[in-house]
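Report on the following structure.
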Protein chains: 2
Amino acid sequence: MADTEMREPTLFILASLASGQKHGYAMIHDVAALSDGRVRLKVATLYAALGRLGTQGLVAPAGEESVDGRLRRYYALTEPGSEALERELQRIEANARQLRSRLQARPASMRAALGGAA
Amino acid sequence: MADTEMREPTLFILASLASGQKHGYAMIHDVAALSDGRVRLKVATLYAALGRLGTQGLVAPAGEESVDGRLRRYYALTEPGSEALERELQRIEANARQLRSRLQARPASMRAALGGAA
DNA sequence: AGAACATACTCTGTTGATCGATATATCCCG
DNA sequence: CGGGATATATCGATCAACAGAGTATGTTCT
């Protein structure tokens, strides 16, 4: 049970697998597309994460394939992985909501200076 | 500047200061309230972060006060700190949006056979 | 009075995710 | 043949978070 914060690359790896099993290199492109180019997985991060998530039971190997003499190792999201992703997503949604609400509320020094609408 | 991901405690510390200057211990309570009890700053995390954010120019010392013989060190959000917070918030809002959109999209295959518990 | 707890700041040592760099191997294009 | 894309893997460094312990003062309960 991970109550520790999941980081951006890890989150996107799980999300990438949420639309079906993929091999490592495919995730790099998928995550880049999904994030509009913002999140660029580094290979070291990716393979370290896949190993870690495998140990935690959040992803599982889903077979191998050889295409043009190149090996592809597929991974799939497990049921616990799917649940963990949903939990983490709810966490960052809560963070976004609560942090945004605080930013909307301005400090007294600024409230005095502003008319009403920004 | 900082294109590295800002972590949950750091984000909430900056947000706490966004509503006005505070001393360390007050931030712990403020962040707990703001996050509905979810984020509980550890003292080591807090003071390490304040030192770090000070070095980065995102927060600045805002005077000291002694109440009942106990020292209070106040900190304030700087202009760069405010901008960094807004940028990071936009990042996690984008993450939330993009990750959620992927989860809404139905998984291509059923994953009935996978998973741990049950 | 003594214990326990809350306030308030500080430091040390450890863990763990990310990342730069490097390595191996195959295939395609010019 | 050289360079790029595909595809996987590992090493070492970095750094935020954390557990834990320490210092000091004031309040509350028994």
Side-chain angles (χ1 to χ4, degrees), chain A residues 1-14 16 21-33 35 38-56 58-59 61-75 84 88 91-92 95, chain B residues 1-14 16 21-33 35 38-56 58-59 61-75 84 88 91-92 95:
Chain A
M1 293 280 271
D3 72 299
T4 26
E5 184 189 6
M6 218 176 260
R7 308 272 242 104
E8 202 176 56
T10 302
L11 226 30
F12 273 90
I13 288 166
L14 292 183
S16 179
Q21 57 173 68
K22 285 180 189 63
H23 60 96
Y25 212 75
M27 296 181 213
I28 294 178
H29 294 296
D30 183 49
V31 165
S35 67
R38 279 173 36 247
V39 181
R40 312 200 152 180
L41 291 181
K42 309 305 181 293
V43 287
T45 304
L46 173 65
Y47 292 109
L50 287 174
R52 203 175 65 236
L53 294 168
T55 302
Q56 295 170 359
L58 305 188
V59 308
E64 303 184 356
E65 188 188 13
S66 193
V67 176
D68 289 330
R70 289 190 216 94
L71 182 68
R72 288 179 176 177
R73 255 187 242 285
Y74 285 84
Y75 297 87
E88 279 304 306
R91 181 217 288 264
I92 73 169
N95 283 349
Chain B
M1 294 302 282
D3 71 300
T4 26
E5 183 189 8
M6 217 177 260
R7 310 270 243 105
E8 202 176 57
T10 302
L11 226 30
F12 273 90
I13 289 166
L14 292 182
S16 178
Q21 58 173 69
K22 286 178 188 63
H23 60 96
Y25 215 75
M27 295 180 213
I28 293 178
H29 295 295
D30 182 48
V31 164
S35 67
R38 278 172 36 247
V39 181
R40 306 191 155 188
L41 291 180
K42 309 304 181 294
V43 285
T45 303
L46 172 66
Y47 292 110
L50 287 174
R52 203 176 64 237
L53 294 168
T55 303
Q56 295 169 359
L58 305 187
V59 308
E64 304 184 356
E65 188 188 13
S66 194
V67 176
D68 289 330
R70 290 189 215 93
L71 182 68
R72 288 180 175 176
R73 256 186 242 284
Y74 285 84
Y75 297 87
E88 279 302 308
R91 180 217 289 263
I92 73 168
N95 283 348

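So that the names make sense, note that chain A is the first sequence line, chain B the second, and so on, each numbered from 1.
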Worksheet item: dA17(C) phosphate, OP1 or OP2: any side-chain N/O from T45(A) under 4.0 angstrom?
Response: no
Distance in angstrom units between [X] [atom1] and [N] [atom2], rounded:
X      : N       : atom1 : atom2 : answer
M6(A)  : dT18(C) : CE    : C1'   : 15 Å
E5(B)  : dC19(C) : CD    : P     : 8 Å
Q56(A) : dA17(C) : CD    : C1'   : 11 Å
E8(A)  : dC19(C) : CD    : C1'   : 14 Å
K42(A) : dA17(C) : NZ    : C1'   : 13 Å

Worksheet item: What are the 5'-most and 3'-most nucleotides of DNA chain D lying under 4.0 Å from any heavy atom of chain A?
Response: dT6(D) to dC11(D)
Between the protein and nucleotides 8-10 of chain C, list every N/O to N/O distance that falls short of 3.5 Å.
{"residue": "dA8(C)", "atom": "OP1", "partner": "R72(B)", "partner atom": "NE", "Å": "2.6"}
{"residue": "dA8(C)", "atom": "OP1", "partner": "R72(B)", "partner atom": "NH2", "Å": "2.5"}
{"residue": "dA8(C)", "atom": "O3'", "partner": "L71(B)", "partner atom": "O", "Å": "2.9"}
{"residue": "dC9(C)", "atom": "OP1", "partner": "R73(B)", "partner atom": "N", "Å": "2.7"}
{"residue": "dC9(C)", "atom": "OP2", "partner": "G24(B)", "partner atom": "N", "Å": "3.4"}
{"residue": "dC9(C)", "atom": "OP2", "partner": "Y25(B)", "partner atom": "N", "Å": "2.8"}
{"residue": "dC9(C)", "atom": "OP2", "partner": "Y47(B)", "partner atom": "OH", "Å": "2.7"}
{"residue": "dC9(C)", "atom": "O5'", "partner": "Y47(B)", "partner atom": "OH", "Å": "3.2"}
{"residue": "dT10(C)", "atom": "OP1", "partner": "R73(B)", "partner atom": "NE", "Å": "3.0"}
{"residue": "dT10(C)", "atom": "OP1", "partner": "R73(B)", "partner atom": "NH2", "Å": "3.2"}

Where the side chain of [X] meets the backbone of [Y], is there a donor-acceptor pair that is under 3.5 Å apart?
X      : Y      : answer
R72(A) : Y25(A) : no
E8(A)  : V39(A) : no
S35(A) : V31(A) : yes

To the closest 0.5 Å, what do you measure between [atom1] ([X]) and [atom2] ([Y])?
X      : Y      : atom1 : atom2 : value
H29(B) : R40(B) : NE2   : CZ    : 11.0 Å
R52(B) : T45(B) : CZ    : OG1   : 9.0 Å
L53(B) : L46(B) : CG    : CG    : 9.5 Å
T10(A) : Q56(A) : OG1   : CD    : 8.5 Å
Y75(B) : H23(B) : OH    : NE2   : 11.5 Å

Worksheet item: Counting only heavy atoms not in R38(B), do more than 12 sit closer than 6.0 Å to its CZ atom?
Response: yes
Practice prompt. Taking the side chain as every heavy atom from C-beta outward, state whether E88(A) and L14(A) have any atom pair closer than 4.5 Å.
Written response: no
Response to the item:
Rounded to 10°, the angle between the first-five-pair and last-five-pair axes of the helix from dA1(C)-dT30(D) to dG30(C)-dC1(D) is 10°
Fill in: G69(A) vs T10(A), nearer the 5' end of DNA chain C by closest nucleotide
T10(A)
Worksheet item: If you look at every heavy atom in E5(B) and R7(A), which pair is closest and at what distance?
Response: OE1-NH1, 3.0 Å
